[in-house]
Structure formats: C-alpha cells, structure tokens
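Report on the following structure.
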Amino acid sequence: EVQFVESGGGLVQAGGSLRLSCTASGLVFNNYAIGWFRQAPGKEREGVSFISSDGSTYYGDSVKGRFTIFSDNAKKIVYLQMNTLKPEDTAVYYCQVRPFSTAQAMGRLTSRHFGYWGQGTQVTVSS
C-alpha cells in the first residue's frame, strides 16, 4: 500500500511562496501520475496539479502560471512550488498517485476515485 508523507505547508502572506513536498513510500510502479489535491473549508477536494512519470504535467485553471510541479522519480518525491499565493489558495493539500495514468487523465478524476489519503499539509495565505 502506498503511503504519503506531505510537508512544507505553513502560513504565508498573499504574494508569498511555499514549496510542498510529498514522499510516496510503497510505490512499486515506475509508470504513474502523482500530484496534489487540495480541500478548502466547506469545499470539495479538488485536483491542483499532477505530473506523469514521463514528465508531462497538468495544472488546474486556478493555479496555472503560479504553481510548478516537479518530481524526483528515483526517490518517489513530488514537489509543488507555489508562487504568488492568494488567500483562496488556503486549503489542506494532499498528495495522491494513480498507477498507469497520465497527468492529464488524473486531472479529470475527482477525489472519489481514490480511497487512501495521507494527513495532508495545511497552507494558509493571509490577505
């Protein structure tokens, strides 16, 4: 079973930056998409950004141009560099993986397609 350890969240002022990281242990496949969902208070969990093992990426419309996803495939670590943060980016950010998927395909899935979630990491952006 894959387990996630997410870190890097915190409190930042609007316009600031954070870098999230996620280590996916127990991931035995080399062909997968991995990335980030987030859940704001009172809202459904939504896909933010994903990266395939071939390097292709997906970004949700609300984060395009501000967030960058990259990964270390050998170490099974995925990062999310978040720049120009806005108060509406405030959420708990969760890591997720989908074997034999592309980043674009994973971007079309909802959180209901996944059963296991880690603890997540809280990102709070003050105005």
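Smallest separation of non-hydrogen atoms from Leu109 and Phe37: O-CE2, 4.2 Å. Annotation for Ala14 and Ser127: closest pair CB-CA, 4.4 Å, computed over non-hydrogen atoms. Among all heavy-atom pairs drawn from Thr84 and Ser17, the shortest one is N-OG, 4.3 Å. Looking at every heavy atom in both residues, Met106 comes nearest to Ser101 through N-OG, 3.7 Å. The minimum heavy-atom distance between Lys76 and Tyr32, with the atom names listed, is CD-OH, 3.3 Å. Closest non-hydrogen pair, Leu85 versus Leu18, comes out as CD1-N, 3.8 Å.
In this structure, Ser52 contributes its side chain and Ala103 its backbone to a donor-acceptor pair below 3.5 Å. Distance alone, capped at 3.5 Å, is enough to place a donor-acceptor pair between the Gln96 side chain and the Tyr116 backbone.
Taking a 6.0 Å sphere around CD of Glu88, one finds it holds more than 12 heavy atoms contributed by other residues, nucleotides or ligands.
Residues Val48 and Phe4 are members of one and the same hydrophobic cluster, defined by side-chain heavy-atom contacts under 4.5 angstrom among Ile, Leu, Val, Met, Phe, Trp and Tyr. Cluster membership check: Trp117 does not share its hydrophobic cluster with Val78, using side-chain heavy-atom separations under 4.5 Å among Ile, Leu, Val, Met, Phe, Trp and Tyr. Linking Ile, Leu, Val, Met, Phe, Trp and Tyr residues whenever their side-chain heavy atoms come within less than 4.5 Å leaves Tyr79 and Leu27 in two separate clusters.
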For this session: Let me see the working for Val63 and Arg38 under side chain to side chain contact (heavy atoms under 4.5 Å, CB included), right down to the final yes or no.
Result: CA-CA 12 Å; Val63 306; Arg38 69 184 180 186; 4.0 Å; yes
For this session: Check the pair Gln39 / Tyr94 against side chain to side chain contact (heavy atoms under 4.5 Å, CB included), numbers first and verdict last.
Result: CA-CA 8 Å; Gln39 188 166 20; Tyr94 298 90; 4.2 Å; yes
For this session: Apply side chain to side chain contact (heavy atoms under 4.5 Å, CB included) to the pair Arg66 and Asp89, showing each step before the final yes or no.
Result: CA-CA 11 Å; Arg66 300 188 298 121; Asp89 294 317; 2.7 Å; yes
For this session: Take Phe29 and Phe100 through the test ring pair (Phe, Tyr, Trp, His ring centres under 6.0 Å) and record every step on the way to the result.
Result: CA-CA 8 Å; Phe29 303 105; Phe100 308 111; 4.9 Å; yes
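Across Thr90, Leu20, Val92, a single residue satisfies side chain to side chain contact (heavy atoms under 4.5 Å, CB included) together with Val123, and that is Leu20.
Between Glu44 and Arg112 there is a salt bridge, with a side-chain nitrogen of the basic residue lying less than 4.0 Å from a carboxylate oxygen of the acidic one.
From Ile34, atom CD1 reaches atom CD1 of Ile69 across 8.0 Å, with rounding to the nearest 0.5 Å. We find the CD-CD distance between Glu6 and Gln122 to be 12.0 Å, quoted to the nearest 0.5 Å. A distance of 12.5 Å separates CZ in Phe70 from OG1 in Thr57, rounded to the nearest 0.5 Å. Rounding to the nearest 0.5 Å gives a distance of 11.0 Å between CD1 of Ile77 and OG of Ser25. Considering CH2 of Trp36 and CD1 of Ile51, their distance stands at 12.5 Å, rounded to 0.5 Å. The line from CD of Glu46 to OG1 of Thr110 is 12.0 Å long, rounded to the nearest 0.5 Å.
Phe50 has its side chain out of reach of Arg98: every pair of non-hydrogen atoms, C-beta onward, lies at least 4.5 Å apart. Within the 4.5 Å cutoff, side-chain heavy atoms of Thr68 are placed close to those of Tyr59.
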